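These figures come from a predicted structure and were not determined experimentally. As the structure lists them, so they are numbered: ligands from 1, and atoms in each ligand from 1.
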Amino acid sequence: QAKRQGRNQFQFYSPEINAQLRQRLTLENELHGALERNEMLVYYQPLIDLHSKQIMAMEALVRWQHPTLGLVSPTKFIPIAEANNLIVPIGEWVLRTACAQNRAWQLAGFSPIRISVNLSARQFELPNLVEIISQILQETELEASNLELEVTESFLMADIERSMKTLKQLRELGISLALDDFGTGYSSLNYLKRFPVNMLKIDRSFVQDVMTNPDSAAVTDAIIALAKSLRLNITAEGVETQEQLEYLQMRGCDEGQGFYFSRPVPADIITQMLRQPVVVCQPKNNRWRQAG
Ligand code: C2E
Ligand code: MG
Ligand code: MG
Ligand code: MG
């Protein structure tokens, strides 16, 4: 009887949801050991100074090269990794890999740029986070000023006093701090001015329809104005078109990141970009390309 009922209930799920659940279970099982099997990769996406057009930084974005599923997006596996704490070793590996890569670019003779690494709430909660990070900087011989950590308001707000303390310690090491996906959390402007961060990253959802939705434009303008009055640097995420770029330039946004400049790509492709670190406009095909 129970079995029959269970079977009947099972039919409430659409085949599509069923497939999604199965995929999630597969990912969850196979995520254990993925690091050890060398299946994690770090891609890099440049952040461009909107005035000088120079490459200022790279954001490190993890991918999972799954043996049968191909390249798995972090939006699929990071939530799973966060749920079972695998994000701690994965996040540490991304940090070490990204810092070592940034140092390797310097040793190859390129002028120093920042490497920006996303932190998960689980990592932020580690009592020895500051030690782990300063250890990685020593190991990779990267100067703290060439590392930026991206945090989100939502996890800072979970324990404000503790967050304040950790952020302060990271700043004291010389690391810069960015608030990622800004505008999507429950921003408390009161805390914003007390969090010792250097950079706000306007969430892609506002940039995406800045030209078509007056509300998004208003939010974008307000965030830029807020950053300026708090003397924070400001980056726009998800710049995809020339029009968005021009809008952001006009509003005085400092840096931009998005498919318009480059998708996230493997390190060797970034190395080629760094050979011509200034991007120039190619009006003919309405796209930006590397100068040279
Ligand atoms: P995020 O930190 O906000 O990273 C920006 C995301 O926007 C990236 O997605 C990037 O590929 C995408 N993006 C950049 N420019 C454009 C654009 O012009 N158009 C569109 N449509 N998308 C653009 P990705 O690489 O899939 O990463 C998704 C999220 O996964 C990241 O969002 C971040 O929250 C998380 N993530 C990625 N790597 C790590 C990591 O190493 N650790 C942790 N904790 N989270 C990570
Ligand atoms: Mg980010
Ligand atoms: Mg973001
Ligand atoms: Mg994010």
Report, in ascending order of atom number, the atoms of ligand 1 lying under 4.0 Å from any heavy atom of G238. 15 (N), 16 (C), 17 (C), 18 (O)
Can a donor-acceptor pair be found between the side chains of R275 and Q272 at a distance below 3.5 Å? no
Answer yes or no: does an N/O atom from F259 fall short of 3.5 Å to an N/O atom of ligand 1? yes
Is there a path from L61 to I80 through hydrophobic residues (I, L, V, M, F, W, Y) whose side chains come within less than 4.5 Å of each other? no
Are N118 and E59 close enough that a side-chain donor and a side-chain acceptor fall under 3.5 Å? yes
Name all residues meeting the side chain to side chain donor-acceptor pair (under 3.5 Å) criterion together with S73; count only those two or more places apart in sequence or in a different chain, and write none if there are none. T75
Ligand-residue contact atoms, ligand 1 with T75, heavy atoms, under 4.0 Å: 28 (C)
Give yes if a backbone or side-chain nitrogen or oxygen of Q257 is under 3.5 Å from a nitrogen or oxygen of ligand 1, and no if not. no
Backbone, side chain, both or neither: what part of P264 comes under 4.0 angstrom of ligand 1, heavy atoms only? side chain
Could you tell me whether I90 approaches ligand 1 through its side chain, its backbone, both or neither, with non-hydrogen atoms closer than 4.0 Å? neither
Tell me whether N118 has any N or O atom under 3.5 angstrom from an N or O of ligand 1. yes
Kindly give the atom name of the N, O or S atom of D181 closest to the Mg ion (ligand 3). OD1
Specify whether an N/O/S atom of N118 falls short of 2.8 Å from the Mg ion (ligand 2). yes
Within-cut-off N or O pair, V62 and ligand 1, under 3.5 Å: yes
Do R194 and Y191 meet the cation-pi criteria used here (NZ or CZ under 6.0 Å from the six-membered ring centre, within 45° of the axis)? no
Between I55 and the options Q276, M273, E255, the side chain to side chain contact (heavy atoms under 4.5 Å, CB included) test singles out M273
V117 with W93, same ILVMFWY side-chain cluster at under 4.5 Å: yes
One finds that the ligand 1 atoms under 4.0 Å from a non-hydrogen atom of Q45 are 14 (C), 15 (N)
Hydrophobic cluster identity match, L69 and W64, side-chain contacts under 4.5 Å: yes
With atoms numbered from 1 as shown, which atoms in ligand 1 lie under 4.0 angstrom from a non-hydrogen atom of V94? 41 (O)
Any idea which atoms of ligand 1 are less than 4.0 Å away from a heavy-atom of S120? 44 (N)
What class does the angle between the rings of W105 and Y44 fall in, given that below 30° is parallel, 30 to 60° is tilted and above 60° is perpendicular? perpendicular
Looking at D180, which of its N, O or S atoms is the nearest one to the Mg ion (ligand 3)? OD1
Judged by atom type as modelled, is there a donor-acceptor pair below 3.5 Å linking the side chain of N102 to the main-chain atoms of I113? yes
Taking side chain to side chain donor-acceptor pair (under 3.5 Å) as the definition, give me every residue that meets it alongside E148, ordered by chain and number, with sequence neighbours left out. R114, S116, S176
Which part of E237 is near ligand 1, with near meaning a heavy atom under 4.0 Å away: side chain, backbone, both or neither? side chain
Counting heavy atoms under 4.0 Å, the part of V42 that contacts ligand 1 is neither
Ligand 1 atoms in contact with D180 (distance to a heavy atom under 4.0 Å): 1 (P), 2 (O), 3 (O)
Got an N, O or S from E237 under 2.8 Å of the Mg ion (ligand 2)? no
Contacting atoms of ligand 1, where contact means under 4.0 angstrom from a heavy atom of E240: 17 (C), 18 (O), 19 (N), 20 (C), 21 (N)
If you measure from the Lys or Arg side-chain nitrogens to the Asp or Glu carboxylate oxygens, is any gap between E172 and K168 under 4.0 Å? yes
Decide whether an N or O pair under 3.5 Å exists between R204 and ligand 1. yes
Looking only at side-chain N and O atoms, does Q135 offer a donor or acceptor that is under 3.5 Å from a partner on E131? no
Measuring from non-hydrogen atoms of E59 to any atom of ligand 1, is the shortest distance under 4.0 Å? yes
Under 4.0 Å, counting heavy atoms only: does R63 come that close to any atom of ligand 1? yes
What N, O or S atom of E59 is found closest to the Mg ion (ligand 2)? OE2
Closer than 4.0 angstrom: is that true for some heavy atom of G91 and an atom of ligand 1? no
To the Mg ion (ligand 2), the closest N, O or S atom belonging to E150 is OE1
One residue to check: K201. Relative to ligand 1, which of side chain, backbone, both or neither has a non-hydrogen atom less than 4.0 Å away? neither
What I want to check is whether the side chains of S216 and D209 have a donor and an acceptor closer together than 3.5 Å. yes
